[in-house]
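Values below: all heavy atoms of this structure, side chains included; hydrogens, waters and symmetry mates excluded. Chain naming here is simple, since letters A, B, ... match the order of the sequence lines and numbering starts at 1 in each. The shown structure was predicted, so the numbers you read here are calculated from the model rather than taken from an experiment.
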Amino acid sequence: MSTIAQKRGFGAVLWEYLTTVDHKKIAHLYLFAGGFFFILGGIEAMIIRIQLIKPNNDFVSAGLFNEMLTMHGTTMIFLAAMPLLLGFMNAIMPLQIGARDVAFPFLNSLGFWLFFFGGVFLNLSWFLGGAPDAGWTSYASLSLASEGHGIDFYVLGLQISGFGTLMGGINFLVTIINMRAPGMTYMRMPLFTWTTFVASSLILFAFPPLTVSIFMMMFDRLFGSNFFDASMGGNTIIWEHFFWIFGHPEVYILILPAFGIFSEIFAVFSRKRLFGYSSMVFATVLIGFLGFMVWAHHMFTTGLGPIANAIFAVATMAIAVPTGIKIFNWLFTLWGGSIKFTTPMLWGIGFIPSFLMGGVTGVMLGAAAADYQYHDTYFVVAHFHYVIVGGVVFSLFAATHYYWPKMFGTMLNEFLGKITFVLFFIGFHLTFFIQHFLGLWGMPRRIFTYLPGQGLDTGNFVSTIGAFLMAAGVIVILINIIMTSVKNEKVGNDPWGDGRTLEWAISSPPPFYNFKQLPLVRGLDAYWIEKMEGKKGMIPAEPLGDVHMPNNSFVPFVISLGLFIAAFGVMYQADEGNTWGIPVIILGLAITFGSMLARSLRDDHGYHIHKEDLMDDNDKGVKA
Amino acid sequence: MHAEEKMTLEKWPASPEKQTLEGKNKFVGFWLFLGGETVLFASLFATYLALKDSVPNSDMPLAKDLFEIPLVFTMTMILLTSSLTSVYAMYHMKNFNFKKMQLWLVITVLLGLSFLGLEIYEFNHYVHEFGHTFTSSAFSSAFYTLVGFHGAHVAFGLAWILALVIRNNKRGLNLYNAPKFYIASLYWHFIDVVWVFIFTVVYLMGMVG
Amino acid sequence: MTNEQLNSGNPRVDIEYRRKKNAEEMKHQVISFALMIFLTLVAFVAVAYEGFSGWFIVPFILILAVVQVIFQLYYFMHMSNEGHEAPKLFMYSGMVVGFVTIICYMTIIWW
Amino acid sequence: MKRLAKWRHLLLFSLLTLILSACGKPYLSALQPSGEVAQDQYDLMVLSTSIMVGVIAVVAVIFIIVLVRFRRKDEKIPKQVEGSHALEIIWTVIPILLVLVLAVPTVMATFKFADVSAMDKKNADGKTDALVVNVRANLYWWEFEYPNEEIITSQDLVVPTGEKVYFNLIASDVKHSFWIPAVGGKMDTNTENVNKFWLEFDEEKSDSDEVNNVFYGKCAELCGPSHALMDFKVKAISRADFDQWVSDMQSVKEPKKATSDLASQGQEIFNQSCIGCHAVTPDNTTPEAARQAPNLTNFGEREKIAGVLDHTEQDLKNWLSDPEKYKPGNKMSGTYGELTPDQLDALTEYLMGLKVQGK
Ligand code: HEA
Ligand code: HEA
Ligand code: CUA
Ligand SMILES: [Cu+2]
């Protein structure tokens, strides 16, 4: 077991990935699945943009357009951005704190498979009678009125994948709380670890409201309850509140890890420690906290009354302050530094102005009285794509280039990387800048077409052209990935040369047991400290000993599969005359609970890699 | 230290639930989960409070028509007592007294079962006496969802504790299963915490009007 | 009675001493249980008595519930003991989020 | 090199702004406010945009300096700076101040827009002195009821300029949102409660040539396939013209008799197939649940057909022969049989003749 990958057949590799509990392999899974869903969401976005290229276009029908935009939003947020971030967290965070693994390797794998099956379930709606069509927010009155099973797919798919995300969150939290290497105090943790920590806490508190509201939606649609049915005493505003109590923290779940990634990149490529580290940490926590106090800024026009609107408006604007602290700290990290314009750094450089613009329009939206104009227009669409694409997606591209060597042992091509950046950056601004104005000129969002003569034609045309540039950028990065994977030139521990944190002190890719001996951390930027003192690597904090490893397991896959099956039963049992629904529910749940029971009855203590084998590995490790 | 090692009283640590890294992880992880559960139940309470007595027509029963003190009081006493019995179980775990721990856990399970039985009776009563079903109004949906979620937690807790008791009956205590017992008892207490708010907010406040 | 977490992991700790500590702690648990039962009784009686106005009873029984829950968390669930920093942090955060949610649902969903 | 690029950016930018100001229509754009609410909102936008541009400028200056001055030139390791308290205080305090500058007018405007106390002040007949309109949003069409005047109209909202008009907003099926961009921000029409707000329509602006007394209104909440087509029009006219319109409407007590043969054929068909949903009298005594379709009393004077089609005979025939094609998912499709060309002609003749003002 302790000898690392020799050449193995496809079947063996597949089986390895289906059963792996290694955080680095799970990261690959997240990256692959998240990447797939990103392309899917991107194609949906392209369809949206093509439909809107000119007035009265009939590229897609009205109903199909609504399905597209719903699935675009849902896919991008739940199945692309978040999983991709979880992927990088999995790949890097345990290394950054010098942990052997995550706290719950089994749960880690279960979390992935739940997300994956949830996502697959959601997307199967395309083939089984139509996708959800009430927007990613799925506001209750419309989603109750929506015919067919689209919304049921949404509800059940998100429920399943939401459980997975929740598990991922708890797992990261416990890992960070309990498994930091000796000397790695909280205030020595790299910023990406900190943002992982805060984002995971947000997951922990934001997903339960979503879970509850999705359950209620499911009960309403499939089991006859009346939470949102006004004629039975129900109330649709409950859904809105729940969705945004979840939804607003959700956007910070996305952006905080992105902030973390850029914090690492700025420090490394300007060869300077992060300016104002402690205030960065403070700002991160504060953003996380305030993130729970502002949700109603999505509901200014709902009619909550001036008092609530005023309170939430002011609270919303307050978030500008900690975010501003971050922006300026980044700028002053660069200030006085020695900046090298690698591809990850280019994304970072592009990120600052792009995100800034999205952020300030956010504060404009926060001005409740003015939001009556902005709300549900393309101004909002522009705002959130500026923060999400300019912040989160940029960070994902940056992290892909930056961590690719650590994850796969080979560098992505820098030239192609820069081409991707230029195409995507220009395309991005072309697409979304003009949308601010489209909104102000009176274009509501979520419209499948618009009439000529309203002054909206040129803007939409420009916007669509930009989207094509973005697509081209994405295609270049795909080519890049394929090319470099085929070439597969191996790199050493610290391929960027300026690595500061622990993940760069270990081989690329790291051995499956991570650090042979836990490293001793002597300060912030632990690896940098050692390098500056002329040392090659980290000082070990413990003598070489046996390493305890968890066993691979197929059970997470089966548990998730069971829920996937049960979800079909839940959905179709509500159809008139359906007879197989209930049995399928029982079957699915039996698979899930049966495999859970099996797992808990059979003790699995893992195995140990012996000291001697570890010493052998010394030589087999990748040459620097 | 290997977790499944046979234990003796002398070697038994003061906090067996946190002795191994796995134990510590379980312990912290479970508490975090409870933090999330707090929000989950708060959401359900919020929904209930928003929809309380919200019925489509006025001859449907309201909270003050439904609830009666004796039944709720009995259920409350049973569940509170079961909290104490599970504390006893943990007390014996700390003293490495496996037999007694098992005994108290079984008692806890029995109390939990009787609570559940009463709850089923209660729901049945509402349905048949008042026509207060899950689908009859927003109020009823919210009521059954909140109380039912709690009931489901009770049922799950019972199954969990029972599984632990049976599974480990032959093996005795060790550092591998001590954390499992410990977090199961935490779970049970948490269920009790939720019930305290349920009987206060749903039943007592319901009866006040 | 809060912070007598014993020096765990040391096999030489006097077993008898620990037993006594545990027994003492158990005694406290029983006392807090008695208090909880008492608080419950007060709450039920206050409602059953019907002589008080709702304006008084509702806050009153809510306070009783909160006190009782503090007993549960701090004594039965040992949240007062050492090594519970993370549990405290996350339970409090959860309560804050939950509280804000409930306040919102009681105020700005009014129709 | 780099600097040149920046200048090019600037050039591009100024060009862009030039193009931008040319776009946007005065009857639709929130950037060309035509009323008190929109004006206040526009002012707030200008204020916040200025603050934001200031913030962006500061960041941009630092950013450009950094990019120019601190590129890697040698392999020296720069000084590892921990932070700076003075700087940190500056960039905490200044944003707080900026936010306050924005927060105060925001809160004031928020309360101002929510002030609908005039709706509660009832005079002797139990009516309000202020003009009140009950807006009821339906899947893809709008109903406007004037409770004081006891009349109903649809699709075209008629309002007087130069005074506050108060709105009660509700939806009868799913949630919609009522928005007249040039005149003021939107407010949702919920399914379970009535929202209230007010707007004011500027006299001068609405009389301007480009507006020509008609503003565009939109549904701003996703409500189904034809959400994009749930437009309405606002006729903003002087108070005198408005009063005239009201009394003209009120004078229609009975369904108007068709004047020509063709039209009366049309009326016959209408009375058979259409009257179950469409009313042709403006009184507001029918219960809301029974008002399933736009009131057609003054259909002949509408700006558009079904909100989006041009108000021509051909478009009307198109609409009647296949509404689904023009508004997917609308509630009229398939509720009446095929219409023959003759029937279409007759109906068109009749419907186009439904006027109250005889202009
Ligand atoms: C990553 C995602 C992300 C991020 C980070 C943000 C960040 C912010 N968002 Fe955004 N938002 C979304 C994603 C995001 N948002 C999405 C997806 C929606 C739409 C959902 C839907 O309806 O479908 C949305 C919608 C949305 C609305 C609702 C609009 C509407 O529907 O009417 C509002 C309103 O207040 C808002 C505000 C803000 C604010 C104030 C911030 C702040 O956090 C921004 C703070 C940053 C800065 C301000 C820049 C840096 C600061 C300085 C340099 C200091 C100096 C600055 C000042 C003094 C101003 N957002
Ligand atoms: C993470 C979140 C995220 C991301 C990354 C994006 C990315 C993009 N989004 Fe969107 N978007 C949302 C989240 C996101 N979006 C949300 C939440 C909504 C609201 C939904 C709602 O209203 O309910 C929304 C809505 C939304 C709208 C408004 C729809 C409407 O209201 O009617 C538009 C319109 O322009 C749009 C466009 C785009 C575009 C052009 C991109 C681009 O950046 C996409 C770039 C990516 C690609 C272009 C990939 C293409 C790849 C290929 C083509 C490769 C070819 C394939 C192979 C070789 C195999 N998005
Ligand atoms: Cu009505 Cu959109
Ligand atoms: Cu938000």
### Query
Considering only heavy atoms from C-beta outward, does the side chain of B:L110 approach that of B:T85 to under 4.5 Å?
no

### Task
Go through the atoms of B:Y144 and report whether side chain, backbone, both or neither lie under 4.5 Å from a heavy atom of chain A.
neither

### Query
Of all of B:L44, B:L40, B:T133, which one pairs up most often with chain A through heavy atoms under 4.5 Å apart?
B:L40

### Message
For the interface with chain B, which of A:S231, A:S225, A:S600, A:G169 has the highest count of heavy-atom pairs at distances below 4.5 Å?
### Response
A:S225

### Query
Side-chain donor-acceptor pair under 3.5 Å between B:H153 and B:E37, yes or no?
yes

### Query
At a heavy-atom separation under 4.5 Å, does B:L51 approach chain A through its side chain, its backbone, both, or neither?
side chain

### Message
Between A:S213, A:G224, A:G234, who has the most heavy-atom pairs with chain B when the cutoff is under 4.5 Å?
### Response
A:G224

### Message
For B:S137, which atoms come within 4.5 Å of any heavy atom of chain A: side chain, backbone, both, or neither?
### Response
both

### Query
Below 6.0 angstrom between ring centroids: does that apply to B:H132 and B:F143?
yes

### Message
Would you compute the distance between atom CE of A:M216 and atom CD1 of A:I238 and round it to the nearest 0.5 angstrom?
### Response
6.0 Å

## Note on the structure
chain A shares the most heavy-atom pairs under 4.5 Å, among B:S141, B:A42, B:G36, with B:S141

### Summary
Bottom line for A:H548: the part with an atom under 4.5 Å from chain B's heavy atoms is side chain

### Query
Which answer fits A:F228, side chain, backbone, both or neither, if we ask what part of it has an atom under 4.5 Å from a heavy atom of chain B?
neither

### Query
Which bit of A:D229 is near chain B, if near means a heavy-atom gap under 4.5 Å: side chain, backbone, both or neither?
neither

### Query
Between B:F190 and B:Y187, is the gap from one ring center to the other below 6.0 Å?
no

### Message
If we check side-chain hydrogen bond (donor to acceptor under 3.5 Å, both in side chains) with A:N90, which of these qualifies: A:N171, A:D22, A:N108, A:T196?
### Response
A:N108

### Task
Heavy-atom distances under 4.5 Å only: say whether B:T38 touches chain A with side chain, backbone, both or neither.
neither

### Query
So, A:W295 versus A:F312, ring centres under 6.0 angstrom or not?
yes

### Summary
salt bridge (charged side-chain N to carboxylate O under 4.0 Å, His left out) filter on A:E542, not counting sequence neighbours, yields A:R100

### Query
Are there more than 12 heavy atoms of other residues, nucleotides or ligands under 6.0 Å from atom OH of A:Y186?
yes

### Task
State yes or no: are the ring centers of B:F197 and B:F41 separated by less than 6.0 Å?
no

### Query
Strictly under 6.0 Å, is that where the ring centroids of B:F30 and B:F33 end up?
yes

### Task
Can you check whether anything in residues 201-212 of chain A gets within less than 4.5 Å of chain B, heavy-atom wise, and list it by number?
A:L204, A:F205, A:P208, A:P209, A:T211, A:V212

### Task
List the steps, then state whether side chain to side chain donor-acceptor pair (under 3.5 Å) holds for B:H92 with B:Y88.
CA-CA 6 Å; B:H92 291 300; B:Y88 263 108; over 6 Å; no

### Query
A:M179 versus chain B, heavy atoms under 4.5 Å apart: side chain, backbone, both or neither?
side chain

